[in-house]
Amino acid sequence: MSKKNGNEALSRRAFLASAATVGVSAIAAPAFAQSAIDTLINAPRRGNWDDQFDAKAASRTASAVVSNTPILGPQSLASAQQAVMQYQQIAAAGGWPEVNPGDQRLQLGVSHPAVQALRQRLAITGDLPREAGMSSAFDSYVDGAVKRFQARHGLPSDGVLGEFTLKAMNIPADVRLQQLNTNIIRLQTFPEDLGRRHVMVNIPAAYVEAVEDGSVATRHTAVVGRLSRPTHLVNSKIYEVILNPYWTAPRSIVEKDIMPLMRKDPTYLEKNAIRLIDGKGNEVAPETVDWNGEAPNLQFRQDPGKINAMASTKINFYNKNGEYMHDTPQQGLFNKLMRFESSGCVRVQNVRDLTNWLLRETPGWNRQQMEQVIATGVNTPIKLGTEVPVYFVYISAWGMPDGIVQFRDDIYQMDGNAELALDTTAGMEQPVQ
């Protein structure tokens, strides 16, 4: 997996250019017993797909993958074990064919022999309905099935076979089975009672779930730590929300980022409303510091405001690494293909919804009051009336009670197989050409 810092901008994904439809003669697809395919498609507990796989229904297949059932909960282990049984059956039957389009761009409207293998691949994992058949046409059935597959693997559901979609599709069934077994071991480490209200941050999925009474109350896209500065696993409690927070730069960021920036631009601190504070609380002028030497033993504190690194909100929980969840002025980060580029803390999209949920049982606070305080720009720490358990987890494969199985990129290379690290942090997904 790439160890780049991820500084270059990532788009959601590059779309394939239109491809001319080509005439195709009948060519045998990779050897695969049709009876085995039928058996797998008809296997029980395979999960539901839309009843109507047409152009309109295809757009609904990705959203059908989303569930209000939390990843961590009373049903988690049983659902993962069910997924293992499903993938054991698939692996025992020979797995799935490799999808290799060569120079052909596979997208809606294309006809190519590789689409037959694609259909088989998608049918075996329940993404394509049996009635779609095994033709060479990339039609709305296939488009919907590809989007469903992408949604199950945390990829943008655009229906185009780009680089990472193909990589994920061609990971062998026995490797996926191994990934599921690895994650069952992880699931077994969590207590049965996670708390009536709790928050879960799933690092490889890069999203946050606020769970109440066994159901996901609100789910948030997140940005988590990159490989070189990973977000740590945590079992803790959220105790405080700060509206209009000051941001204090961690020592690592001062040394690795701010010091070099100050050497290039001595006005960097002033432009970013960052003040230097000594141990007695006095402000220190930046021009008195030798920026070519070691990082000074000073606090680098950014004033509240729109350019503040945490924007409107900071969410504190007990941990030894100084990590927290927060808002960000860079909302475009949440639209990126893969969101592993922070320095360990977790940026949360629509964080005010999460904050409102956290403060709901804290007397004197509602959404309107929260928004009014944010509008003032005044730093306002709020202790939660009841601390909320929070779990930072590394679950890269899991099952749901409806039989849908989810997989994610092994961003931190913890699953024991290099094939599971798709290198999605290296940059923009490129079309397969």
Side-chain angles (χ1 to χ4, degrees), residues 1-2 13-16 19 27-33 36-37 40-41 62 65 83 86-107 110 112-128 132 134 136 138 142-183 204 337-338 396-397 404-411 413 415-433:
M1 176 172 292
S2 168
R13 144 177 337 197
F15 279 87
L16 298 180
I27 300 176
F32 221 79
I37 294 174
L40 289 166
I41 293 174
V65 171
Q86 177 179 329
Y87 277 74
Q88 281 176 335
Q89 183 183 10
I90 293 174
W96 43 67
E98 181 179 1
V99 180
N100 183 10
D103 294 332
Q104 177 63 52
R105 298 176 178 180
L106 297 185
Q107 59 186 11
V110 166
H112 190 271
V115 177
Q116 293 181 5
L118 174 61
R119 285 174 179 264
Q120 290 180 350
R121 168 66 182 86
L122 294 168
I124 287 168
T125 47
D127 296 302
L128 183 71
M134 290 293 161
S136 298
F138 196 121
V142 178
D143 180 66
V146 170
K147 290 175 178 176
R148 187 181 192 273
F149 174 90
Q150 290 169 325
R152 290 196 304 109
H153 292 75
L155 296 166
S157 300
D158 56 24
V160 178
L161 265 71
E163 175 188 358
F164 299 131
T165 299
L166 265 179
K167 283 182 177 180
M169 201 167 280
N170 286 328
I171 290 175
D174 59 344
V175 176
R176 287 302 192 192
L177 177 59
Q178 170 195 329
Q179 187 179 18
L180 283 165
N181 280 318
T182 297
N183 281 275
L337 171 61
M338 286 293 165
S396 62
I404 292 174
V405 184
Q406 300 258 1
F407 296 98
R408 294 296 185 270
D409 185 4
D410 178 22
I411 176 66
Q413 304 175 0
D415 287 349
N417 192 313
E419 290 185 79
L420 296 172
L422 302 182
D423 205 21
T424 47
T425 59
M428 181 189 303
E429 177 169 19
Q430 299 298 323
V432 177
Q433 302 192 35

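Computed over heavy atoms, backbone and side chain alike; hydrogens, waters and symmetry mates excluded. Throughout, residue positions are numbered sequentially from 1 according to the sequence presented. Quick caveat: nothing in here was measured; it's all calculated off a predicted structure.
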Could you work out, with side-chain contact (heavy atoms from CB on, under 4.5 Å) as the rule, every residue matching [X], not counting sequence neighbours?
| X | result |
| --- | --- |
| Gln179 | Arg176, Asn183, Ser396, Ala397, Phe407, Asp415, Leu420 |
| Ala83 | Leu180, Val405 |
| Asn100 | none |
| Ala173 | Ile90, Ala91, Trp96 |

Has [X] got a side-chain atom pairing as donor or acceptor with [Y]'s backbone, closer than 3.5 angstrom?
| X | Y | result |
| --- | --- | --- |
| Arg105 | Val110 | no |
| Arg408 | Arg152 | yes |
| Arg121 | Met169 | yes |

Between [X] and [Y], what is the shortest heavy-atom contact and its length?
| X | Y | answer |
| --- | --- | --- |
| Leu106 | His112 | CD2-CB, 4.1 Å |
| Asp410 | Gly416 | OD2-N, 4.3 Å |
| Ile124 | Pro97 | CD1-CD, 4.0 Å |
| Gln86 | Thr125 | NE2-O, 4.5 Å |
| Gln116 | Ser136 | NE2-OG, 2.8 Å |

Measure the shortest side-chain to side-chain distance between [X] and [Y] over non-hydrogen atoms and say whether it is less than 4.5 angstrom.
| X | Y | result |
| --- | --- | --- |
| Asp174 | Gln178 | no |
| Val160 | Thr165 | no |
| Pro101 | Leu166 | yes |

Hey, could you give me the CG/NZ distance between Leu122 and Lys147, rounded to the nearest 0.5 Å?
13.5 Å
Within this structure, what is the CG-CD1 distance for the pair Asp127 and Ile404, rounded to the nearest 0.5 Å?
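Going from the CG atom of Asp127 to the CD1 atom of Ile404 covers 9.0 Å.
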Side chain to side chain contact (heavy atoms under 4.5 Å, CB included) assessment of Leu118 paired with Leu161:
CA-CA 10 Å; Leu118 174 61; Leu161 265 71; 4.0 Å; yes
Quick one: ring-ring contact (aromatic ring centres under 6.0 Å, His included) partners of Phe149, sequence neighbours excluded?
His153
Set of residues satisfying salt bridge (charged side-chain N to carboxylate O under 4.0 Å, His left out) with respect to Arg119, sequence neighbours excluded:
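Checked Arg119 against salt bridge (charged side-chain N to carboxylate O under 4.0 Å, His left out); matches are Asp139.
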